[in-house]
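Chain identifiers are assigned alphabetically (A, B, ...) following the order of the sequence lines, protein sequences preceding nucleic acid strands; residue numbering begins at 1 within each chain.
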Amino acid sequence: MRPSSLQPSLSVDIGPLSLRNPVMTASGTFGYGEEYAPFVDLNRLGALIVKGLSLEPRAGNPPPRLAETPSGLLNAVGLQNIGVKAFVKEKLPFLKEYSTAIIANIFGETVDEYGKVAEILGMADGLSALEVNISCPNVKKGGIAFGSSPEMAAEVTKRVREATDLPMIMKLSPNVTDISHIAESVESAGADAVSLINTLAGMAVDVEHRKPVLYNVTGGLSGPAIKPVALRMVWQVVNRVNIPVIGLGGIMCPNDALEFLIVGARAVEVGTASFLNPHATMNILEGIETYLREHSISDIGDLIGTLERP
Amino acid sequence: MRPSSLQPSLSVDIGPLSLRNPVMTASGTFGYGEEYAPFVDLNRLGALIVKGLSLEPRAGNPPPRLAETPSGLLNAVGLQNIGVKAFVKEKLPFLKEYSTAIIANIFGETVDEYGKVAEILGMADGLSALEVNISCPNVKKGGIAFGSSPEMAAEVTKRVREATDLPMIMKLSPNVTDISHIAESVESAGADAVSLINTLAGMAVDVEHRKPVLYNVTGGLSGPAIKPVALRMVWQVVNRVNIPVIGLGGIMCPNDALEFLIVGARAVEVGTASFLNPHATMNILEGIETYLREHSISDIGDLIGTLERP
Amino acid sequence: MHPVPLFIKGRILDNLEAVRGHFLLRLKLPPAFHHPVPGQFVMIRVTESQTPLLARPMSIYAFEKGAGHSVLEIFYRVAGAGTRILSGLKPGDELSLLGPLGNGFSGNQEARRAILIAGGIGISPLTFLAASLSPIREPFPVEMTAYVGAQRKEALAGLDRLSAVCPDIRICTDDGSMGYGGRVTELFERELDAFDPQGCAVYACGPRAMMKRLAELLEKHPLPCQVSVEERMACGLGACLGCAVAVRTPGGDVAFMRACKDGPVFDIRRIDW
Amino acid sequence: MHPVPLFIKGRILDNLEAVRGHFLLRLKLPPAFHHPVPGQFVMIRVTESQTPLLARPMSIYAFEKGAGHSVLEIFYRVAGAGTRILSGLKPGDELSLLGPLGNGFSGNQEARRAILIAGGIGISPLTFLAASLSPIREPFPVEMTAYVGAQRKEALAGLDRLSAVCPDIRICTDDGSMGYGGRVTELFERELDAFDPQGCAVYACGPRAMMKRLAELLEKHPLPCQVSVEERMACGLGACLGCAVAVRTPGGDVAFMRACKDGPVFDIRRIDW
Ligand SMILES: Cc1cc2nc3c(=O)[nH]c(=O)nc-3n(C[C@H](O)[C@H](O)[C@H](O)COP(=O)(O)OP(=O)(O)OC[C@H]3O[C@@H](n4cnc5c(N)ncnc54)[C@H](O)[C@@H]3O)c2cc1C
Ligand SMILES: Cc1cc2nc3c(=O)[nH]c(=O)nc-3n(C[C@H](O)[C@H](O)[C@H](O)COP(=O)(O)OP(=O)(O)OC[C@H]3O[C@@H](n4cnc5c(N)ncnc54)[C@H](O)[C@@H]3O)c2cc1C
Ligand SMILES: Cc1cc2nc3c(=O)[nH]c(=O)nc-3n(C[C@H](O)[C@H](O)[C@H](O)COP(=O)(O)O)c2cc1C
Ligand SMILES: Cc1cc2nc3c(=O)[nH]c(=O)nc-3n(C[C@H](O)[C@H](O)[C@H](O)COP(=O)(O)O)c2cc1C
Ligand code: FES
Ligand code: FES
């Protein structure tokens, strides 16, 4: 049999969570799934992560919310969302119909809010896991992001762990000195997996009008520009923790995804790429398959973490 | 008189250092000046910052040392340099002939090494200032970068301050949780100015061979990709310190430089841009002048830090 | 229901400078592309390239469904890096296209008269609207009046096409180099009372300042008015929430709607200018 | 002294596929561009674009100084994204060019015979060298033998041009589809002893593995040999230290030299393979 005719096995385990393939959608870039349903057979995704949810609906920031930068996108949506209750009532029923793992991305302004959101979602039917965004500011601790201190990150992890039995992925912020330290901290606190990276904090200026392009002044940078940073952080974290690592940041094509897998990510999330091409997740999935075939790798597990040192 | 015929004043003060204009070369991207002398009238630069110098010569890393990324350049030169003594003997005599401010960029593997390099340069004739690179690892403290802790950064600052009276610019690392905290710390420790940002730590993988593109595995990311992050950090720092801030990171054209000045940088450094176009520094200088003329700004000081909040 | 959008490739038929800095792009599309509603738009990107990163939203200027293919027209102004690259493309080059997107203008079945108010490149979706209104309900065609404004004569673009479907065009230039000397909203204000609000509808597209002024003029006036707004967009599909438009909620608060999905056409009175 | 490099624009005269995946680019340059030494190179970039970010180093394949302008030729293989973009450019398009750069081959005034060893696209600088050696010192011209290797017949590129200046070409293909079946270094090894080291010099350019093997062959042989090496480059001017080549120091240590400034041509015995 020629290697290219083999159907490689693509399934991966993220702790307690089994996925049919490693290609997931990144939170905030795929809406609640329905927006992309005309383009993507949602049943072919490894997992679908929805826009971040908070306890109460949030209006978000005034426009402009977007700025384009070289190979990058700055956004300051301000975590606009319909709130966890409306999500369960209005969005989850549609998503439940799919056989794909549905993962809710959540955040809070206090540790307790994280717990409450997790509790509500833990009781809802149809979710496979939670992804906990700790890049947002802790209003009680002067607006410092939860994800910027190992202690605060652990506190959130413990609170969510108490609130639900759902598999729990902690999504780490890259705006820190030592991301592997944060990863270790959430691992000890009970996280089932970590995903990284969220956006890098950035800014753009309108030189003609001498004002920030974004109403919010600063925003989060995503897209190809951040891929080298994301890869480096995933590499650092896989070398320090034993829980699975999900890699993301600037994955636009199959090659980008393969870089993350080779470095040791168990799965990848595709974000900004979907804006450029609504079929991006499927192209990436197919490209990974082709690579495995061409390299006679029958199980994706035999590719993950195989980076050679020079 | 039509505004466009005015010759705007471009001179800026960086603490005790007066520069004829705000356009400087970034360390490591302009060699020792002589490499670019066929393209740039060095006397027209605001200042010329040379490649980082250590006490002893350093061989640097084996190749490959470079990797291209979307709108970015990863480098892992490994701080190769001829050492401070050879610099004073072989390179400084050439540079001294120019009327431009010559700034030596320095680094060490221990606090004491920083001090020794600064002492030697303080006694040499022809330097206008030191720029102290604290992004490099502290060998005594387990390889953590000096620039990643406010305490270590302050220690280096104090040691260099004791060693010389030369104006001292602390060059900050962006790979930290809170860069403005580091900036405050070096300000209290006696820095005359800060420059930021140095490169973001990044990585790239050769998917075909499943190995890192760089021999050193990780490298420093520069170029347009990092500009939004650099701008955001300059904005944070100008809002927290009283000493002058020098901005850099991805400045490729006059508009990029103007963004930094409007945000509050007193001067800018041009790095990777010179690789793409050896005349980049001059194009940027001329573009800033044109902007000032077109906007009837007679003194660059009236532009610096004029960002309006939306 | 609106047509389901597709992500497809289009081949350039021509891409010609019509008026200084304004280009007419004609694209050949596969027949699968659905017939758009006036006011809908597409997201355009230069195939394969990641520079610029994002697709650019462009209103549909004209659409014709043929047997084997359709022809879509875009009328655009070179405004920055992305449109500059677009303007350099040649016949035969390929583009990626996502669309048709957004809600489009909703035709008022009762309306006998349409007033179109266009500022600058805002003429594009209104021309498509006018073309689709003009043959409607013969032998009682919709009467149309168009107010078209620009800074100066040389910047007036797209008049030929519009005048073919709307004979009553009232031109305004800020510098008075052609037509009424002043803003398009000024002329409209003067003539506003001549229109019978009964069976009459206003459709507008132009710079924010123009639409804001229009909102003020109509605040206490019964004329219904739909405006097409512009916002920076990433996905065009309602997923990223990047294209927020501030609207007033029934409770009096401000909420953000998506220009790409809930718009780009809004009732002028809903928007919080 | 070497000619001072310039940063200038060049206009494409033609850019044609010579052999599959291999293009001959002819550029019209202003007369200010200095006459290069064989083995020197230029850094090329597509004007204005920042994609790809860095310029690409390319050896000079031919150069002719005319009255009002010069013509520079590059022979290149499509190896990745940058060269793919290059291969899409058309006559009339503009490029930025930095050069001439590097040291180039140093001609041995005594040498009566030159042996050229080329692997793949390495034929480019050696062709320029051969063209400049051939008319030298008439009526006692330098005798030349060229070993030219490729994976298979279809990948042999640039033979026409080389054969015009060097009649003695010995072809090797890995798969034996043309000439000697095997590596270029194998054939050279077999024939090595037939050359009189006196007045003879070897010039080589090709894949690293080829040059490393050549270094082994010549380790105990008196034939002098210069090789042109490839390294990733950013500045091309010796400023960034990105293009490190490991060389052995007299003390036996390894030091790094700059391919762009100290090279790209090195004595094969200096390099730490
Ligand atoms: C629904 C809709 C329909 C449009 N229809 C047309 C049309 O028919 N003809 C036409 O010429 N223009 C139209 N525009 C505006 C057009 O999208 C912008 O002029 C264009 O995106 C500018 O891109 P650029 O790269 O040239 O400019 P740049 O300023 O370099 O663009 C930078 C970024 O800002 C965004 N941006 C800049 N200006 C605008 C704007 N006015 N609206 C939205 N995003 C902007 C760009 O998309 C890009 O992401 C429309 C915009 C929207 C939202
Ligand atoms: C002194 C010198 C002379 C050269 N002369 C020629 C020539 O005459 N003809 C020719 O076809 N090629 C030549 N090369 C190789 C040529 O530079 C590369 O093939 C080209 O840079 C590949 O660019 P890419 O974008 O297509 O490939 P990519 O792999 O996408 O390039 C990615 C990065 O790696 C660098 N890179 C990739 N391959 C090489 C390589 N082999 N050497 C150096 N950098 C590389 C690129 O410059 C770029 O920065 C020469 C290289 C050097 C150093
Ligand atoms: C418009 C936008 C909205 C986002 N919203 C969220 C969010 O709600 N929660 C979250 O954890 N991450 C959010 N992100 C971050 C992405 O999930 C992802 O971490 C980041 O964009 C990097 O990946 P990319 O480069 O592939 O886009 C958002 C990103 C974008 C661009
Ligand atoms: C090849 C290379 C070498 C560098 N060497 C040094 C150095 O020796 N010391 C230092 O402080 N910064 C060094 N830098 C960092 C630059 O000075 C600058 O901080 C960084 O490149 C960001 O600016 P840019 O995006 O304009 O290049 C180097 C950067 C590059 C690309
Ligand atoms: S552009 Fe993404 S929601 Fe409108
Ligand atoms: S490429 Fe910069 S030193 Fe050689």
**OP:** Look at B:E34 together with B:K91 and state whether they make a salt bridge at an N to O cut-off of under 4.0 Å.
**Re:** yes
Original post:
Taking atom types as modelled and ignoring hydrogens, do the side chains of B:E131 and B:N105 form a donor-acceptor contact shorter than 3.5 angstrom?
Top reply: yes
Subject >> B:N61, part contacting chain D, at a heavy-atom distance under 4.5 Å >> reply: backbone
**OP:** Would you check if there is a donor-acceptor pair between the side chains of B:T272 and B:S222 at a distance under 3.5 Å?
**Re:** yes
Original post:
So D:F75 and D:Y61, would you call those rings parallel, tilted or perpendicular, with 30° and 60° as cut-offs?
Top reply: parallel
**OP:** For atom CZ of D:R183, decide whether the heavy atoms of other residues, nucleotides or ligands shown that lie under 6.0 angstrom number more than 12.
**Re:** no
Original post:
Pick from D:V245, D:T51, D:L237: which one has the most heavy-atom pairs with chain B under 4.5 Å?
Top reply: D:L237
Original post:
Is it the side chain or the backbone of B:V213 that comes within 4.5 Å of chain D heavy atoms, both, or neither?
Top reply: side chain
Original post:
Which atoms of B:F30 come close to chain D, meaning under 4.5 Å heavy atom to heavy atom: side chain ones, backbone ones, both, or neither?
Top reply: backbone
**OP:** Select, from B:N75, B:N81, B:N277, the one with the greatest count of heavy-atom pairs under 4.5 Å involving chain D.
**Re:** B:N277
Original post:
If you count heavy-atom pairs under 4.5 Å between each of B:P62, B:P64, B:A225 and chain D, which one has the most?
Top reply: B:P62
Original post:
So which part of B:P70 gets closer than 4.5 Å to some heavy atom of chain D, the side chain, the backbone, both or neither?
Top reply: neither
Original post:
Who wins among D:S96, D:P5, D:A81, D:C243 for the most heavy-atom pairs under 4.5 Å with chain B?
Top reply: D:P5
Subject >> Side chain / backbone / both / neither for D:M233 at chain B, heavy atoms under 4.5 Å >> reply: backbone
**OP:** Decide if atom NZ of D:K153 counts as having more than 12 heavy atoms of other residues, nucleotides or ligands within a radius under 6.0 Å.
**Re:** no
